[in-house]
Structures are given as structure tokens and as C-alpha cells.
Amino acid sequence: MADAGMRQSSSAPEELVREVLHAFRARHPEAGAPKLFFAPGRVNLMGAHLDYSGGAVLPAAIDRGTLIAVAPRSDGKVLFSSSLQAGEHLFELDGLPQAATGSWVDYPLGVLREALSRAEERPGGASLHFGGNLPIGAGLSSSASICVGTALALDKVWGLGHQEIDHVHAALSAEREFVGVQCGIMDPYAVGLARAGSLLWLECGDVRYEHLPLDTSRVSILVADTMVRRELATSAFNQRVDECRRAFELLKRSQPEARCLAEVSMETLSACGEELGPVLSRRAGHVIAEVARTKVARVGLLAGQPEVLGAKMLEAHASLRGLYEVSCPELDRLVEVAGACDEVLGGRLTGAGFGGACVFLVERGGEERVSAELKQGFREAFDHDPEVAVFQAVGGPYELEI
Ligand code: GLA
């Protein structure tokens, strides 16, 4: 990531475009001119760990993401390669793997299977080369960026005539059914349906959404990546999903009209504490309070009071640390340092947690000072620097003119 305040890149910076085109042409000298697509990553500001419990979330797509060069083939094969990973992966359209392979290629492969299942005629094949500038494992949804981008690229190169919502569905099925992550719906929706300058208000239970403007003349989105990546992040995430499922199973006996954990009331939770036990009570306690916080944040945003959103982000972090137990000392340190900066309206860990990044809402003009404070405060406690950058809220995936 570039330093905060120093550079605010366009969605697909020129050097990245050049690098991906160069890599594609070097690998496929025989192919004609490729098409080029960009899909953003996303950062979630409110509604932490609510999507798989049916609550509302408030993410923005960001000006870092995945760039894909694609050209058609006529030999019935699809080839995936990446500037970020070694090796090439060649698949016969007639003999695609039935199970995930354990490599990065599972994401585009899962989308390829979805695209084929929705295609009216068997396509001839394609070569795709991936590049990008999104940190992997930072909680900024590199996987949804790859998946939604692949769905768009295959749609356009094969003329499938799909809509943007089809790309979102293909990405979600690929991750859930092929890769095997029990993820909620937030990431592909945030990436696929984003509008520039807006946050996406997405009610994950009913799958209703609207775009809420973020007043970027007053506030900036600043992200600080701890650079900490935890091996157990995926299994710990799946464990939280399972804990919420079990908590809801028990709670709905006392509140049968609730369709999901996000609809359970605090009164029901208080009455069922003993039955749930301490761990499930803490998980449900986070979810139910976060639902309320997220609604308040929305009202504040619509009333032109981003400081209300900021305050709720800080409360969310405390709950993610104490009740949901998905924070870590590095994330807590960033929030602590930011909390002492006057220009910071609020912030919290973003994504699944267990390492990764924090997102902060910062008053316009304060980005450089906050960035410097975060770096210094973090460095005093740990032996490396966080990466800090200002992100723009951008629109969804698109084809580049080349
Ligand atoms: C991960 C998942 C999302 C969401 C967040 C937590 O990033 O991919 O679906 O559950 O964690 O809010």
C-alpha cells in the first residue's frame, strides 16, 4: 500500500496495467489483444461479523483490487496464471476438477464452474492472467475481488450476457461451495454492487441494499495493515459461524418469530444466558448489540454526522475484542493509538480479524499526522511497521479501455 496522504491512486494504476499486459503477452504471444478488467477489494466499516447472522453491514469498495487480462482460446481449455503466484494452471473444460485443489486457483476455478453451469453453449476456452495491488489476508477481500472479477471477465470474453448480480452470485457460490469457506454474503455484494463515493448498506437477511453517500469532503477512510497473518484464521472464522448457528438454534426456541440471530432481542439473550453458556452468550451478545450500533451509525451517516459512525466503530472494536474474541494485540494497539488522535472519528478491526487490518474514519486533512502516529505507536510495541494508506470508495468492477 502507498503511504497515507502521499498518493491516492486510481482504481487501476498505470504501472499495474502495464505489468499485467506485459506478463500476459509474454505468456501468450499467440493470443490476440486481451481484454482487461479491474475488480476492487472492500473494507467494511460497520456490521462486524453480522453478514452470516443476517444483520446489516456497511462496506465500501476500495481503489485496490485485482486486474485480469483475458483472451479467448479455441482448444477447449482454460489457463490461469498470476503475477503474484508461481506456475500456470491448465484445465480441460470437459474435465474440470470436482474438488478444491488447495491453491489460489480454486477461486477462479470455482467461478469458472459456475459460469459454465450458467452458459447456454459450451465456450471455446480462455487464458486469464491475474495481477493486483490488494494485500492478501489483510481482511480486504482479495478473494471476492478475484472471484467477481473472474465472473465479469468470463462473461465478457464469452459473451454470456450476464448481469452484475450474476457475477455476485457466481462469486458467492464459488467460495462457499467449491473453496469451502462458510462466508456470508457481504464480500461479493460489496465488490460487485459498489458505487463511487458511497457505502453499501446491505441487509444480509433479506438481501436488500441501498447506497449511502460518504461525505469525502469531510472524512477519509484510512486503513492500517498490521501485516500479521494467522494460519488459523479460516478455521477460527468457521468456528465463529458455527457458534452463531448454535446460539441461534437455542435462542429461537424462546423467540420463534426471529428468522436469524440478528433478529433476536437482548431480552431473549438475557433470559437464556444459562442455557447458552458463557461462550455462546458472548458471541450472541456481540451480534445483537452490533445490529443496534450499525442502525445508529446509518442514522448518523444520513444526518451528515460521520462522528456518530466513528463512535460506533470504536464500540464495535471493543466488542470484537471482548465478546467475539477475534482481535489480537497488534489490532488493539492500532485502535488505542488512533483513539488518542483528535482527527480520528473512530475505527476498528475490519474483515474477519485474528490479524489483518484496522479501518479508521479520519477528518480530511488529518491523514498524514494520523498515519505517522499509527506507525510510531505501533513500532514502539512491535518490531515492524504497519502499512497505512488512504482508500477511496470506488465503484464496482469494470472493463478498462486499452
Ligand atoms: C470475513 C468474511 C465476511 C464477513 C467478515 C466479518 O471477511 O469473508 O463475509 O463475515 O469476515 O464481518
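Remember, predicted model here, so these are calculated numbers, not experimental data. Residue numbers count from 1 along this sequence. Note that ligands are numbered from 1 as they come in the structure, with each ligand's atoms numbered from 1 the same way.
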### Task
Heavy-atom distances under 4.0 Å are what count here, so tell me which part of R42 touches ligand 1: side chain, backbone, both or neither.
side chain

### Message
I'd like to know if R245 pairs up with E249 as an ion pair, taking the criterion as any Lys NZ or Arg NE/NH1/NH2 lying under 4.0 Å from an Asp or Glu carboxylate oxygen.
### Response
no

### Message
Looking only at the side chains, is there a donor atom on one of T226 and E330 sitting less than 3.5 Å from an acceptor on the other?
### Response
no

### Message
Please determine whether any non-hydrogen atom of G139 lies less than 4.0 Å from an atom of ligand 1.
### Response
no

### Task
Please identify each residue that fulfils salt bridge (Lys or Arg N to Asp or Glu O under 4.0 Å) with R73, with sequence neighbours left out.
D75

### Message
I need the full list of salt bridge (Lys or Arg N to Asp or Glu O under 4.0 Å) pairs touching residues 170-180, with sequence neighbours left out, sorted by first then second residue.
### Response
none

### Numbered atoms and elements of ligand 1 in range of Y52, under 4.0 angstrom, heavy atoms
10 (O)

### Query
Do D187 and ligand 1 have an N or O pair less than 3.5 Å apart?
yes

### Message
Out of all atoms in ligand 1, which are within 4.0 Å of some heavy atom of G184? Include the element for each.
### Response
9 (O)

### Message
Taking 4.0 angstrom as the limit and counting only heavy atoms of D51, give me the atoms of ligand 1 inside it, by number and element.
### Response
3 (C), 4 (C), 9 (O), 10 (O)

### Task
Would you mind listing which atoms of ligand 1 come within a distance below 4.0 Å of any non-hydrogen atom of H49?
6 (C), 12 (O)

### Message
Using a strict threshold of under 4.0 Å (side-chain N to carboxylate O), is an ion pair present between R333 and E380?
### Response
yes

### Query
Quick one: which of W104, F38, F24, F37 gives a ring pair (Phe, Tyr, Trp, His ring centres under 6.0 Å) with F130?
W104

### Query
Counting from 1, what ligand 1 atoms have a heavy atom of A352 closer than 4.0 Å?
1 (C), 7 (O), 11 (O)

#### Entry: Distance filter under 4.0 Å to F237 heavy atoms, resulting ligand 1 atoms
1 (C), 2 (C), 10 (O), 11 (O)

### Distance-only N or O hit between ligand 1 and N44, under 3.5 Å
no

### Message
Distance alone, cut at 3.5 Å: any donor-acceptor contact between the side chains of S265 and T268?
### Response
yes

